[in-house]
Structure formats: structure tokens, C-alpha cells
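Note that this is a predicted model, so its numbers are computed, not measured. Computed from heavy atoms alone, side chains included, the values below leave out hydrogens, waters and symmetry copies. All chains are named by letter (A, B, ...) in the order of the sequence lines, taking the proteins before the strands, and each is independently numbered beginning at 1.
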2 protein chains.
Amino acid sequence: MPAPQRVSAETLVTAVRSIAEKDGVDAVTMSAVAAAVGVRAPSLYKRASNRHELLRLAADDVARELGEEIAELSRRVDDPRELLVGTARALRGISSRSPKVTTLLFCAPAPLAGPSPELVAPLMATLLAAVTRLSPEDPLSAARTLTAWAYGFSTMEQNGGFRQGGDVDAAFERGLDIVLAGIGA
Amino acid sequence: MPAPQRVSAETLVTAVRSIAEKDGVDAVTMSAVAAAVGVRAPSLYKRASNRHELLRLAADDVARELGEEIAELSRRVDDPRELLVGTARALRGISSRSPKVTTLLFCAPAPLAGPSPELVAPLMATLLAAVTRLSPEDPLSAARTLTAWAYGFSTMEQNGGFRQGGDVDAAFERGLDIVLAGIGA
DNA sequence: GTCTATAGCATGATAGAC
DNA sequence: GTCTATCATGCTATAGAC
């Protein structure tokens with residue numbers, strides 16, 4: 001039986017995420033994270049072999065969150081359109097609560113700092129399955145249209161991309177309608 | 001008459017952009033840039049008062065490039081749909097040639113490292129004007145749908161967002177059709 | 001698994017001469 | 001505007017004891 005870790009995986013990832021949101025992704029350093037979890041920097045190397053792996057913990061955690069919301073939706077609803085609506089809104093919600101870490105999904109400083117492909121693939125597969133039911137010909141392109149829009153919107157919203165005022169919630173719902181109509185929903 | 005600068009603004013911004021593309025945004029440091037332009041680090045502080053201002057030079061340069069392509073399009077074509085198609089393709093092209101710096105547009109490590117709002121505003125205004133001719137009611141939402149999709153697609157394409165293979169060019173054109181149809185083009 | 005200690009290096013930034 | 005010199009700090013990462 002291995003010795004218990006003094007710092008749980010959950011504590012660690014929570015610290016990484018909170019530092020990233022508070023002071024930016026660049027502020028996630030081995031020593032800052034170590035200090036946050038009450039440990040010395042060298043000890044962290046038993047958990048993540050470098051700074052980028054620390055960031056991946058956070059990125060994976062956000063991917064996991066999104067995956068759970070999608071799974072929960074899948075259980076509750078059968079209508080594919082409803083599933084896609086829920087997924088887009090879930091992404092926007094997560095991005096609003098964790099803007100910095102959410103950008104890591106497709107805007108990481110290095111590939112190793114982004115989410116694990118094995119973790120993202122099943123999410124994409126679920127979306128693709130739902131899209132396929134709506135748009136049997138070239139569902140991959142249709143799914144990419146939806147994800148690109150949802151990610152772009154969420155990122156821009158959180159990074160000052162929408163400075164002209166107006167009703168941003170309305171813009172989101174309008175965009176959702178446009179994209180879903182276009183993919184046959 | 002002020003003494004001529006030994007390092008032209010163009011040389012400087014070119015160096016920043018090439019370092020960012022080659023080794024990532026994190027590699028843009030005062031000393032790395034100084035070395036690239038053949039100057040000592042302290043001299044750079046006369047040109048940019050910190051690292052983020054260096055990044056802004058690059059972000060603004062990409063915004064300028066995009067602005068020039070849009071202006072050129074505006075001169076050549078009158079059809080608003082064609083202008084929007086050209087703009088989306090221009091953004092994708094720039095993102096493909098300068099992926100790292102293009103992400104700075106809406107995914108900068110700090111607001112000061114992103115493009116100057118005064119530089120981005122006129123671009124958005126041009127787009128909004130074109131969209132207004134196609135979609136008079138709530139053109140702002142329509143314009144946001146287009147920009148969010150185009151930015152999201154370009155970012156994901158350059159950051160491993162599309163790992164399932166398939167025809168990415170086709171996905172882009174399909175997305176463009178979907179969004180333009182939705183905003184009334 | 002965690003610690004102390006430290007190597008080794010890069011960093012941003014400033015002062016003052018030319 | 002650029003230089004030399006330097007400060008003070010921060011960082012990643014490793015070695016070896018407990």
C-alpha cells in the first residue's frame with residue numbers, strides 16, 4: 001500500500017485553477033502552486049514533472065466538468081438538438097466561471113499544457129453522434145461549425161471581444177439558433 | 001529632429017512575431033527580442049515599457065494586416081456577402097501563417113498584451129456595416145456569430161482542435177455557408 | 001512523499017555614462 | 001537612443017536526508 005499523498009489530486013488541481021483564474025495562466029508556476037497547497041516546490045515534481053503538466057491538470061479538469069455536464073444531459077434528454085443546445089450553454093457557463101482555464105482547451109501555451117486528447121475525444125464523439133442524427137451528410141463539418149462557434153463565442157466574451165455593448169445573451173441565443181438551423185436542427 | 005532609431009518599428013515587430021511563432025508567446029522576452037534585433041535589452045525599454053507592450057506590437061500588427069485585407073476587399077467588391085466571405089477567409093489565412101500571434105487577438109495573457117481596442121473597433125465596424133445590409137434587425141448579434149465562428153474555427157484548426165481528420169477546408173466552407181445563410185445572406 | 005539546500009539560469013527593470 | 005553594469009528577484013530542476 002503506497003503512502004497516502006499529503007496533497008490530494010483534488011486539492012492540487014483546485015489550487016492550479018484558482019491561481020490561473022486569479023492571476024493568469026502565466027502565474028501558474030511550480031513555486032506558486034506549491035505555496036498554495038502548503039508544500040515546497042520540489043515535492044510537486046512527484047505529481048507533475050513540469051509546469052505544463054500542472055496546466056494540463058487544470059485543462060483536463062475543465063474537460064472533465066464539461067464531459068459530466070454532457071453525460072448528465074444525455075441521460076435526461078433524447079432530442080439531439082436539445083443535447084447540443086445544452087452542451088453549448090454548458091461550455092459558455094464553464095467559460096464564464098473559469099475563463100482562463102477554459103481558453104487552455106484550444107489555446108494552450110504548449111500542446112502538453114492543453115487537455116489530454118484521450119479525454120477530449122469522447123466528448124467530441126458524443127457531439128458528433130448527436131449531430132449525425134440531425135445532419136447525416138457530412139456531420140463532422142457540422143459538428144465543427146458548432147464547436148468552433150461555441151468556443152469562439154465563449155472565448156471572445158471572456159476576453160473583451162464584445163466591446164460594443166448590446167445584449168450578449170441575446171447574441172448567444174441567436175448564434176445558437178443560426179448554427180443549429182444550419183446543421184439541420 | 002529626433003535621432004533616428006537604430007531599430008525600425010518594422011524590424012522590431014517582425015522580430016517579436018517571429019519569436020512568438022517559432023518558440024511560443026512565452027518565449028517573447030525582453031532579452032530574446034533584444035538579441036534578435038541586435039541590441040541590448042535595456043535599450044528596448046525606450047520602445048516598449050514592458051513585455052506585454054512587446055506582445056501588443058505583434059497583436060496590433062496582425063490586426064493591421066487583417067484591416068488592410070478588409071479594406072482592399074471593400075474597394076474591390078460591393079456585395080456584403082462577398083465581403084464577409086473574404087474577411088473570414090482572410091482571418092483563417094492569417095491565422096494559418098501566424099497562429100500564435102493570431103490567438104493573441106482574443107486570448108492574450110493580459111489585456112495589455114492584446115490588440116489596442118482603437119485598432120480593432122474600426123474592423124468590427126466595417127463588418128457590422130456589411131452585416132447590417134444583410135440582416136437589418138439585430139445586426140450586432142449576427143456579426144458576433146460570424147466573428148465568433150471564424151475566430152473559433154481558426155484557433156481550433158491551429159491548436160489541434162480538429163483531430164478526427166476529415167476535410168477541414170470543406171468544414172470551413174460549410175461553416176461559412178451555415179453562418180451566412182443564418183444571418184440572411 | 002516530503003523536506004532542506006542549492007545549482008544554474010533567465011527574468012524585468014533601473015542608473016548613469018556616452 | 002544606445003550602451004555597460006548591475007540589482008533583485010524569480011524560476012525550473014536536481015541531490016540527498018528523513
Side-chain angles (χ1 to χ4, degrees), chain A residues 1-60 100-101 104 108-114, chain B residues 1-60 100-101 104 108-114:
Chain A
M1 188 160 114
Q5 295 170 327
R6 206 164 82 181
V7 176
S8 73
E10 198 189 330
T11 304
L12 184 57
V13 75
T14 300
V16 172
R17 289 184 62 166
S18 103
I19 292 171
E21 296 306 338
K22 196 170 184 299
D23 299 319
V25 167
D26 290 353
V28 175
T29 64
M30 299 304 278
S31 41
V33 173
V37 300
V39 139
R40 300 293 175 167
S43 306
L44 277 189
Y45 287 86
K46 302 274 179 182
R47 316 295 296 280
S49 53
N50 55 49
R51 187 183 162 258
H52 286 152
E53 273 193 27
L54 240 27
L55 290 174
R56 168 161 288 191
L57 294 180
D60 279 349
K100 300 289 172 59
V101 178
L104 283 178
L112 279 176
Chain B
M1 189 159 113
Q5 293 170 329
R6 205 161 86 181
V7 176
S8 74
E10 198 188 330
T11 305
L12 185 57
V13 76
T14 300
V16 173
R17 288 185 61 167
S18 104
I19 293 171
E21 296 307 338
K22 197 170 184 298
D23 300 319
V25 167
D26 288 354
V28 176
T29 63
M30 300 303 278
S31 38
V33 173
V37 300
V39 135
R40 300 295 175 163
S43 305
L44 276 189
Y45 287 87
K46 301 276 178 181
R47 316 294 297 278
S49 53
N50 54 51
R51 186 182 163 260
H52 286 152
E53 273 193 28
L54 241 27
L55 290 174
R56 168 162 288 191
L57 292 180
D60 279 349
K100 300 288 173 58
V101 179
L104 244 30
L112 279 176

With no hydrogens and no angle check, is any side-chain donor or acceptor of A/Arg17 less than 3.5 Å from a backbone partner on A/Ala58?
no
Which whole-number value in Å describes the distance from B/Asp23 CG to C/dA10 C1'?
15 Å
Return the value, rounded to whole Å, for the distance between atom NE2 of A/His52 and atom C1' of D/dA13.
15 Å
Give the nucleotide from the list D/dT2, C/dA13, D/dC11 with an atom nearest to the side chain of B/Asn50.
C/dA13
Does A/Ser31 reach a base, just sugar-phosphate, or nothing at all? Heavy atoms under 4.0 Å.
sugar-phosphate
Round to a whole Å and report the spacing from CE of A/Met30 to P of C/dG8.
20 Å
Short side-chain N/O contact to C/dT4 OP1/OP2 from A/Arg40, under 4.0 Å:
yes
Return the 5'-most residue of the pair A/Ala27, A/Pro42 with respect to DNA chain D, ranking by each residue's nearest nucleotide.
A/Ala27
Under the criterion side-chain hydrogen bond (donor to acceptor under 3.5 Å, both in side chains), I'd like the reasoning laid out for B/Thr14 against B/Thr11: C-alpha separation, chi angles, the key distance, then a yes or no.
CA-CA 5 Å; B/Thr14 300; B/Thr11 305; over 6 Å; no
C/dG12 C1' sits how many Å from B/Asp26 CG, rounded?
15 Å
Base, sugar-phosphate, or nothing for A/Ser43, non-hydrogen atoms under 4.0 angstrom?
base
Quick one: B/Leu54 CG to C/dT11 C1', roughly how many Å, whole number?
14 Å
Checking B/Arg51 side chain against B/Ala113 main chain: does a donor-acceptor pair fall under 3.5 Å?
no
Give the rounded distance in Å between these two atoms: CZ of B/Arg6 and P of C/dC18.
18 Å
How close or far is atom P of D/dC11 from atom OH of A/Tyr45, stated in whole angstroms?
11 Å
Examine distances only and state if a side-chain atom of A/Glu21 and a backbone atom of A/Val101 form a donor-acceptor pair shorter than 3.5 Å.
yes
If I take atom CG in residue A/Leu44 and atom C1' in nucleotide C/dT4, what distance separates them, rounded to the nearest angstrom?
15 Å
